[in-house]
Protein chains: 2
Amino acid sequence: MPTDTPSAAAPSGSRSLEHPPREDIRLADVLHALADPMRLCIVRTLAAAEGELNCADIELPVSKSTCTHHFRVLREHGVIQQLYRGTAKMNRLRTADLEELFPGLIDGVLRAADLQARRLEAE
Amino acid sequence: MPTDTPSAAAPSGSRSLEHPPREDIRLADVLHALADPMRLCIVRTLAAAEGELNCADIELPVSKSTCTHHFRVLREHGVIQQLYRGTAKMNRLRTADLEELFPGLIDGVLRAADLQARRLEAE
DNA sequence: CTCATTGTACGAGAACCGTCGTAGTTTGAC
DNA sequence: GTCAAACTACGACGGTTCTCGTACAATGAG
């Protein structure tokens, strides 16, 4: 049973961040988290990176505090996992948890986002 | 090219309702429309019915005016099609349009909703 | 015409959301 | 110890959402 949920014990010398356990993740919350262009952009970038990225790696046309807000929404609703590494905060999709809960959902949303982006690009 | 978009010409003796044309439907709007438990319930019921239902056929634990509100959100964001028939207002999913725009998306959401409902049912 | 059915329009209230700027914290490098 | 980098906390703002109740409109049946 793979899981993305961070272990309860706080890692060595880092601040800890609250994540919902997998069984508390609600579909409506996930959809709500994804239902914002900025957050969809974050999620697409993370999916494309297939690894972890810090917040600064994902450029958004909003202020830094707004970025913090969007990352927090994604984390609190179970879409991403965040952890500190030095001064940076690394982000990654909770792919395993989401796949276990809602198989195919995230892939479907990502595919839909790609299709729409391609359509919009072509005017 | 199949479409669920109602024809521009208003049908015989009925009030007309505004629907976004297929090319105006945005992924973030669809996700937002689905990101509410009441609306998710409406969509699941419509999907299970595989046809059209009027608003009264879908019982929700909210007032009638709140129902009207949720149906309108679904319509204005391109998820359902509504048309009057007598005093009733028939609702149906815009399956063809959504499938053309975002293949697999609605099915994925519906499957996720079923899975979650089954989990919650089993406590 | 009258009436019950079905849904709407409107206004209101409470809550929430996305955005920002400013001031602050934590960390690693020097 | 000092400093820059990365991110947060907090409060504020304007806008939107969800909910309701009341009053109203359209339709079909009798």
Side-chain angles (χ1 to χ4, degrees), chain A residues 10-19 26 28-43 45-46 52-77 79-92, chain B residues 10-19 26-43 45-46 52-92:
Chain A
S12 46
S14 272
R15 294 157 275 175
S16 64
L17 263 345
E18 289 204 359
H19 293 75
R26 289 288 162 272
D29 288 340
V30 171
L31 293 177
H32 174 244
L34 297 174
D36 176 281
M38 295 296 162
R39 293 195 291 262
L40 213 38
C41 177
I42 294 175
V43 170
T45 310
L46 285 176
E52 39 183 34
L53 293 176
N54 70 19
C55 295
D57 284 340
I58 303 175
E59 289 175 25
L60 296 174
V62 291
S63 76
K64 233 166 17 143
S65 34
T66 304
C67 275
T68 300
H69 162 72
H70 286 306
F71 278 102
R72 180 169 42 211
V73 171
L74 287 170
R75 168 170 49 85
E76 290 178 345
H77 290 174
V79 180
I80 67 173
Q81 194 220 314
Q82 297 190 286
L83 65 101
Y84 286 104
R85 184 138 74 222
T87 71
K89 191 184 203 172
M90 305 310 289
N91 303 276
R92 88 164 90 128
Chain B
S12 46
S14 272
R15 296 157 273 176
S16 66
L17 263 345
E18 288 204 359
H19 293 75
R26 289 288 163 271
L27 176 59
D29 288 340
V30 172
L31 293 176
H32 175 243
L34 297 174
D36 176 281
M38 296 297 163
R39 293 195 290 262
L40 213 37
C41 176
I42 295 174
V43 170
T45 310
L46 285 177
E52 39 184 33
L53 293 176
N54 70 18
C55 296
D57 285 340
I58 303 175
E59 288 175 25
L60 296 175
V62 291
S63 76
K64 237 175 3 149
S65 32
T66 304
C67 275
T68 300
H69 162 73
H70 286 307
F71 278 101
R72 181 170 39 214
V73 171
L74 287 170
R75 169 170 48 83
E76 290 178 344
H77 290 173
V79 179
I80 66 173
Q81 193 219 317
Q82 298 190 287
L83 64 103
Y84 287 105
R85 183 138 73 223
T87 71
K89 192 185 203 171
M90 305 311 290
N91 303 275
R92 87 165 90 129

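Below, chains carry the letters A, B, ... as their sequence lines are ordered, and counting in each starts from 1. Treat the numbers as computed from the prediction; the structure is a model and nothing was measured.
Atom CZ of B:F71 and atom P of C:dT6 are 13 Å apart (whole Å). Taking atom OH on A:Y84 and atom P on C:dT25, their separation rounds to 14 Å, with Å as the unit. Between the NE2 atom of B:H70 and the C1' atom of C:dG7 there is a distance of 16 Å, given to the nearest Å. Atom CG of A:L83 and atom C1' of C:dT26 are 15 Å apart (whole Å). In this structure, B:L17 places its CG atom 14 Å from P of D:dA26, rounding to the nearest Å. Rounded to whole Å, the distance from CZ on B:R39 to C1' on D:dT16 is 12 Å. Across the protein-nucleic acid pair, A:E18 atom CD and D:dA9 atom C1' stand 15 Å apart, rounded to whole Å. Distance, A:I80 CD1 to D:dC7 P: 12 Å, rounded to whole Å.
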Just the table, please: protein N/O against nucleotides 28-30 of chain C N/O, every pair under 3.5 Å.
none

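Applying the side chain to side chain contact (heavy atoms under 4.5 Å, CB included) test to B:D29 and every residue at least two apart in sequence or in another chain returns B:R26, B:H77. In this structure B:T66 satisfies the side chain to side chain donor-acceptor pair (under 3.5 Å) test together with B:S63, sequence neighbours excluded. Applying the side chain to side chain donor-acceptor pair (under 3.5 Å) criterion to B:T68, with sequence neighbours excluded, gives no partner residue.
Comparing atom distances between the A:A88 side chain and each of D:dT19, D:dC7, C:dG7 picks out D:dC7 as nearest. Proximity note for B:R72 (side chain, C-beta onward) versus C:dA9, D:dC7, C:dG18: the nearest is C:dA9.
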Using a 3.5 Å cut-off and no angle test, enumerate the donor-acceptor pairs between side-chain atoms of residues 34-42 of chain A and protein atoms at least two apart in sequence or in another chain.
residue: A:D36; atom: OD1; partner: A:M38; partner atom: N; Å: 2.8
residue: A:D36; atom: OD1; partner: A:R39; partner atom: N; Å: 3.2
residue: A:R39; atom: NE; partner: A:A33; partner atom: O; Å: 2.7
residue: A:R39; atom: NH1; partner: A:H70; partner atom: ND1; Å: 3.2
residue: A:R39; atom: NH2; partner: A:H32; partner atom: O; Å: 3.3

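A 4.5 Å side-chain heavy-atom check between B:L46 and B:I58 finds at least one atom pair inside the cut-off.
If you check residues 55-65 of chain B against DNA chain C, the residues with a heavy atom closer than 4.0 Å are B:C55, B:A56, B:K64, B:S65, listed by number. A heavy-atom distance below 4.0 Å to DNA chain C is reached by these residues of residues 30-37 of chain A, ordered by number: A:H32, A:D36.
When every heavy atom of B:Q81 is checked against every heavy atom of B:H19, the shortest pair comes out as CA-NE2, 3.5 Å. Here the closest non-hydrogen pair linking B:L17 and B:Y84 is CD2-CE1, 3.3 Å.
Rounded to the nearest 0.5 Å, atoms CE (B:M90) and CD (B:E52) are 4.5 Å apart. With rounding to the nearest 0.5 angstrom, the SG atom of B:C55 is 5.5 Å from the CD atom of B:Q82.
A close approach under 4.0 Å does not occur between any side-chain nitrogen or oxygen of B:H69 and OP1 or OP2 of D:dC20.
Put simply, the residue from A:D57, A:I80, A:L83 that forms a side-chain contact (heavy atoms from CB on, under 4.5 Å) with A:N91 is A:I80.
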